[in-house]
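Take a look at the structure below.
Because the structure is predicted, anything quoted here is derived from the model rather than measured. Index from 1, following the sequence.
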Amino acid sequence: MSGIEIERKFLVKKGSDFQHLSFSSSRIQQGYFPCLNATVRIRVRDDKAYLTIKGKSANGGMSRYEFEKEISLDEAAHLMELCEGGFIDKTRYLVKSGNHTFEIDEFYGENDGLVMAEVELNDENESFEVPNFIGMEVTGDIRFYNKYLLTHPYRAWKNTVPEEYR
């Protein structure tokens, strides 16, 4: 898959019951390669692995070029050894809302306590139904990029986030 990815990110309200609304969940581990003008990541999601390259964000962080290719688990294991700065560990829940699917990520380790939701859109101005567990929008806020969370874990700055999301 390649093309322009358009998505919006939100914090999930503390104590929300989004897990029970999900139709699917999977464990994800991902690592990153150092790169100046792009984000290069290896992701293992359950029994599949992917190499993803994302360009710089545009339009307030809402859109950017994305290339993704499925790779073997063996290739992913070897590439993960080359990643720097550790790994992101999270569970992703998929929740349907109207015509869209929200991806809710519950983070572990140094990012424990952070729960974010993303919705992918076909157009930057596309409307969507907002589930009741969705809170403050953080689209374009670099602190909530997975790559940033590796070097600046949520645990170190979570007190800067409103209480209803911690």
Side-chain angles (χ1 to χ4, degrees), residues 1-14 16 18-19 25-46 48-94 102-121 133-166:
M1 169 191 92
S2 66
I4 301 297
E5 172 188 57
I6 302 170
E7 68 181 12
R8 292 178 62 183
K9 289 184 174 193
F10 303 87
L11 293 179
V12 172
K13 296 173 187 171
K14 182 171 72 177
S16 297
F18 63 88
Q19 294 97 333
S25 67
S26 55
R27 192 67 178 252
I28 296 174
Q29 289 190 321
Q30 55 196 43
Y32 293 84
F33 292 98
C35 192
L36 286 177
N37 295 313
T39 299
V40 180
R41 132 187 123 203
I42 301 299
R43 171 182 281 173
V44 176
R45 182 174 184 166
D46 293 332
K48 294 191 178 213
Y50 305 89
L51 167 66
T52 306
I53 302 169
K54 295 185 178 195
K56 290 207 177 270
S57 294
N59 302 324
M62 195 180 305
S63 61
R64 61 184 170 167
Y65 174 79
E66 179 181 67
F67 168 85
E68 186 169 77
K69 181 168 179 44
E70 187 171 344
I71 60 176
S72 73
L73 288 171
D74 186 56
E75 290 169 324
H78 289 293
L79 289 170
M80 285 282 219
E81 292 176 11
L82 302 175
C83 292
E84 292 186 2
F87 303 95
I88 293 293
D89 186 19
K90 61 188 179 181
T91 296
R92 173 164 290 170
Y93 299 89
L94 303 180
F102 280 76
E103 298 176 339
I104 299 94
D105 290 341
E106 183 176 19
F107 291 81
Y108 306 112
E110 290 294 307
N111 295 301
D112 191 53
L114 178 60
V115 183
M116 285 192 303
E118 298 177 355
V119 62
E120 289 199 15
L121 306 171
F133 57 82
I134 296 295
M136 182 173 85
E137 184 164 5
V138 294
T139 302
D141 186 335
I142 193 170
R143 296 177 301 164
F144 298 99
Y145 286 26
N146 283 254
K147 185 175 180 182
Y148 184 87
L149 291 168
L150 277 177
T151 55
H152 303 85
Y154 180 66
R155 188 170 288 180
W157 53 270
K158 70 179 180 181
N159 289 334
T160 67
V161 175
E163 176 66 31
E164 65 262 34
Y165 305 110
R166 289 190 257 140

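In this structure Thr39 satisfies the side chain to side chain donor-acceptor pair (under 3.5 Å) test with no other residue, sequence neighbours excluded. Taking the salt bridge (Lys or Arg N to Asp or Glu O under 4.0 Å) definition, one finds that Lys147 meets it with nothing, sequence neighbours left out. Under the side chain to side chain donor-acceptor pair (under 3.5 Å) criterion, Asp46 pairs with no residue at all, not counting sequence neighbours.
Heavy-atom minimum distance, Ser72 versus Ala49: O-CB, 3.9 Å. Closest approach of Arg45 to Tyr50, counting heavy atoms only: CB-CE1, 4.5 Å. Across all their heavy atoms, Ser57 and Tyr145 have their closest contact at OG-OH, 3.2 Å.
For the atom pair Glu75 CD and Met80 CE, the distance stands at 13.0 Å (nearest 0.5 Å). Distance check: Ser26 OG to Lys90 NZ gives 9.5 Å after rounding to the nearest 0.5 Å. Within the model, atoms CG of Leu11 and CE of Met116 stand 7.5 Å from one another, a figure rounded to the nearest 0.5 Å. For the atom pair CG (Leu73) and NE2 (His78), the distance works out to 11.0 Å, reported to the nearest 0.5 Å. Rounding to the nearest 0.5 Å gives a distance of 10.5 Å between OH of Tyr165 and CZ of Phe10. Between atom CD1 of residue Ile142 and atom CG of residue Leu149 there is a gap of 10.0 Å, rounded to the nearest 0.5 Å.
With hydrogens and angles ignored, the 3.5 Å screen pairs a side-chain donor or acceptor of Arg155 with a backbone N or O of Gly109. Looking at Arg166, its side chain does come within 3.5 Å of a backbone N or O of Lys158 through a donor-acceptor pair. Between the side chain of Arg8 and the backbone N or O of Glu137, no donor-acceptor pair lies under 3.5 Å. The main-chain N or O of Lys9 is found under 3.5 Å from a side-chain atom of Thr139 such that the two form a donor-acceptor pair.
Atom NZ of Lys48 has 12 or fewer neighbouring heavy atoms from other residues, nucleotides or ligands inside a 6.0 Å radius.
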Please lay out, stage by stage, how Ile42 and Phe33 fare under the test side chain to side chain contact (heavy atoms under 4.5 Å, CB included).
CA-CA 8 Å; Ile42 301 299; Phe33 292 98; 3.5 Å; yes

Please step through side chain to side chain contact (heavy atoms under 4.5 Å, CB included) for the pair Gln29 and Ile88, ending with a clear verdict.
CA-CA 6 Å; Gln29 289 190 321; Ile88 293 293; over 6 Å; no

Step by step, would you call Lys14 with Glu163 a side chain to side chain contact (heavy atoms under 4.5 Å, CB included)?
CA-CA 8 Å; Lys14 182 171 72 177; Glu163 176 66 31; 3.0 Å; yes

For the pair Thr91 and Ile104, evaluate side chain to side chain contact (heavy atoms under 4.5 Å, CB included) and give the outcome as yes or no after the intermediate values.
CA-CA 8 Å; Thr91 296; Ile104 299 94; over 6 Å; no

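Remark: Arg64 does not engage Glu7 in a salt bridge, criterion side-chain N to carboxylate O under 4.0 Å. Note on Glu164 versus Lys13: no salt bridge recorded, every NZ/NE/NH1/NH2 to OD/OE distance being 4.0 Å or above. Ion pair Glu68/Arg41 flagged as a salt bridge, since at least one NZ, NE, NH1 or NH2 atom sits closer than 4.0 Å to an Asp/Glu carboxylate oxygen.
Ring geometry, Phe102 versus Phe133: the interplanar angle exceeds 60°, so the pair is classed perpendicular (tilted spans 30 to 60°). Ring orientation note: the planes of Phe18 and Tyr93 are nearly perpendicular, at an angle over 60° on the 30°/60° scale.
Using a 4.5 Å heavy-atom cutoff, the side chains of Leu150 and Asn111 are not in contact. Looking at Thr52 and Gln30, their side chains never come closer than 4.5 Å, going by heavy atoms from C-beta outward. Taking 4.5 Å as the limit, every side-chain heavy atom of Val119 sits out of range of all side-chain heavy atoms of Ile134.
The ring-ring contact (aromatic ring centres under 6.0 Å, His included) with Phe144 is formed by just one residue from the set Trp157, Tyr154, Phe107; it is Trp157.
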